[in-house]
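Let me begin by presenting the structure, written as structure tokens, before commenting on it.
Within every chain, numbering begins at 1; the chains are lettered A, B, ... in the order of the sequence lines, protein sequences first and strands thereafter. Please read these numbers as outputs of a predicted model, since none were measured by experiment.
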2 protein chains.
Amino acid sequence: MSDTADLSSSLEDYLEVIFHLVAEKQVARVKDIAKLINVKNSSVTGALRSLAEKGLIHYAPYDVVTLTPKGKDTAADVVHRHSVLRDFFTHVLAVDAEEADKAACRMEHCISPVILERFVQFSSYINHCPRNSAQWVQGLGFRCRHELSAGSCEKCLAALGTEACPPFSHSEDTPMTTTSLHLLAPGQKAKITKIRAQGEMNKRLLEMGILPGSLIEMERVAPLGDPIQIKIKGYHLTLRKEEAGGIEVELVAPQAAASKP
Amino acid sequence: MSDTADLSSSLEDYLEVIFHLVAEKQVARVKDIAKLINVKNSSVTGALRSLAEKGLIHYAPYDVVTLTPKGKDTAADVVHRHSVLRDFFTHVLAVDAEEADKAACRMEHCISPVILERFVQFSSYINHCPRNSAQWVQGLGFRCRHELSAGSCEKCLAALGTEACPPFSHSEDTPMTTTSLHLLAPGQKAKITKIRAQGEMNKRLLEMGILPGSLIEMERVAPLGDPIQIKIKGYHLTLRKEEAGGIEVELVAPQAAASKP
DNA sequence: AAACAATGTAAGCCTCGCCTAACTTCCTGT
DNA sequence: ACAGGAAGTTAGGCGAGGCTTACATTGTTT
Ligand SMILES: [Mn+2]
Ligand SMILES: [Mn+2]
Ligand SMILES: [Mn+2]
Ligand SMILES: [Mn+2]
């Protein structure tokens, strides 16, 4: 039980996979882990031994794998780093989902706590401040999508040429107002665009009436961001942050909400 | 000469150090590299062999080290990744210089080209769009500095409680308008706050009258961002992007510039 | 109980990245 | 011109990591 030992990137990934499997099926099986990480079974056994040695998983030969409390914390931390980065990449940098996810899973292993914290605050600020930011991020997204593909976007550049900023009001593009449910500020309304949860959790969400297309309103967020309370189809629901994080939404009329006196 | 072989993090760091030494002293010496990376001389020799094998450096036993054209490109790429991340961390996330630099040097090795490109566009957008963004980033910086230290900033939270966004007009803090010289848009004015260049280059800049406190105006930027032309103390200067990147500046009255018709 | 799937063990392979110890080469002062 | 020290090289080794194959064990199903 070598304490406080820092995990290698590889072991963090194993832990992450186990976390997801446990969340979905209660327990993790060697062959499932092997399949997800794309290695042979025996490699998994080795990794499991390491993780057990460090007190992160419950593991006895031929038995299924579960996380210890310590392991659960550590795994949740990895997952957190992963999703903060992924969300920043998709929501702010307008990177496509797959690329964002792969990049996040590489960078999650070398991001420092301070920087991570700032990323979180960044997202939080964006999502709590529609008046200042919605238009701004939208403009950024517009710029990214265009300048990349065309090499340069005449309209943008023309606008930039003037001393003033581009208006970015030409809404022929999907505006960049998608985010994750748990990032909404109380009072904000949004439409669900995609459920990212898998298996078990996905089913539960559907049963609660949470499915793409539904309108939703954030009501309250507990001090630590978990749990959160939302309104959907007239009735109230409480979700865990983890669940809400997997729900992609698109802001509805943020300007209207912000222009109240 | 194993081609297209991807470099390990470690080798990228060696290359980066060599790049800086060459920039400063024309050539790199084993003992200097060893000192900077904090390893023994013999470890450096090993790394140099690898780099030479990959065609990135000119290296013969007992001779000094220089970069091949290919090596120069690769090194410049590493340095680019490093500085894009560092600048984002300091200028946008308001992370302190040392932490930002260390974090950047860890993450530079696992950032993908697409994401990097977006980070660049992000910075560029910020720096070309003072009307939309200056106030916004300023608010973010404010929020970061405070919420972190105090756990929560009453003023911010109070402001956030209202439906509107925090005004962030209480300017008791240094506003977040610092950036790097090469990121200025034509026409923007700024004051030099810090020179980050070392040795030789530092001297050259000083000789040109570029020193902390001077007022500067960006005049033109060549198509690829290099070179750039600035005005300082009434006369015109052309700088390489690399030089300009090491010059930290603080925007002067961006609002005034943006409020022209 | 036999067959079959899942899992575990042992052994080995390879890459890294660093070290020590002993050496060669280079440079510089006398 | 050459001694002596600084700088650099070489060889050898170590330990961690991460993966594989081949074979052994266990558990489950029929
Ligand atoms: Mn990962
Ligand atoms: Mn991940
Ligand atoms: Mn580095
Ligand atoms: Mn670096």
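For the pair A/R29 CZ and D/dT26 P, the interatomic distance rounds to 18 Å; values are reported in whole Å. Atom pair A/L48:CG and C/dT9:C1' shows a separation of 14 Å (rounding to whole Å applied). Across the protein-nucleic acid pair, B/K35 atom NZ and D/dG8 atom P stand 13 Å apart, rounded to whole Å. Rounded to a whole Å, the NZ atom of A/K54 is 11 Å from the C1' atom of D/dA16. Distance A/R49 CZ to D/dA16 P: 15 Å, rounded to the nearest Å. As a whole-Å value, the separation of B/L15 CG from C/dG17 P is 13 Å. Going from atom CD1 of A/I33 over to atom C1' of D/dG18 covers 16 Å, rounded to whole Å. The interatomic distance linking A/L11 (CG) with D/dA16 (P) rounds to 14 Å, in whole Å.
Closest to the side chain of A/Y62, from the set D/dG27, D/dT9, D/dC19, is D/dG27. The side chain of A/Y59 lies closest to C/dG8, out of C/dG8, C/dC18, D/dG8. You'll find that the side chain of B/K31 is closest to D/dG8, out of D/dG8, D/dG18, C/dT7.
The aromatic rings of A/F122 and A/F88 sit perpendicular to each other, their planes meeting at more than 60°, with 30° as the lower class boundary.
Proximity of A/Y14 to the phosphate of D/dG17: no side-chain N or O atom is located under 4.0 Å from OP1 or OP2.
Remark: the backbone N or O of A/A103 is not paired with any side-chain donor or acceptor of B/S112 at under 3.5 angstrom. Side chain of A/R240 to backbone of A/P227: no donor-acceptor contact under 3.5 angstrom is found.
Evaluated for a side chain to side chain donor-acceptor pair (under 3.5 Å) with A/H109, the options A/R81, A/H82, A/E12 yield exactly one hit, A/E12.
Taking the six-membered ring for Trp and the full ring otherwise, A/Y59 and A/Y14 have centroids separated by 6.0 Å or more.
When all heavy atoms of A/I111 and B/R106 are compared, the pair lying nearest together is C-NH1, 4.3 Å.
A salt bridge is defined here as a Lys NZ or Arg NE, NH1 or NH2 lying under 4.0 Å from an Asp or Glu carboxylate O, and A/K102 with A/E99 fails to meet this definition.
Within a heavy-atom distance below 4.0 Å of DNA chain D, the residues of residues 37-47 of chain A found are A/V39, A/K40, A/S42, A/S43.
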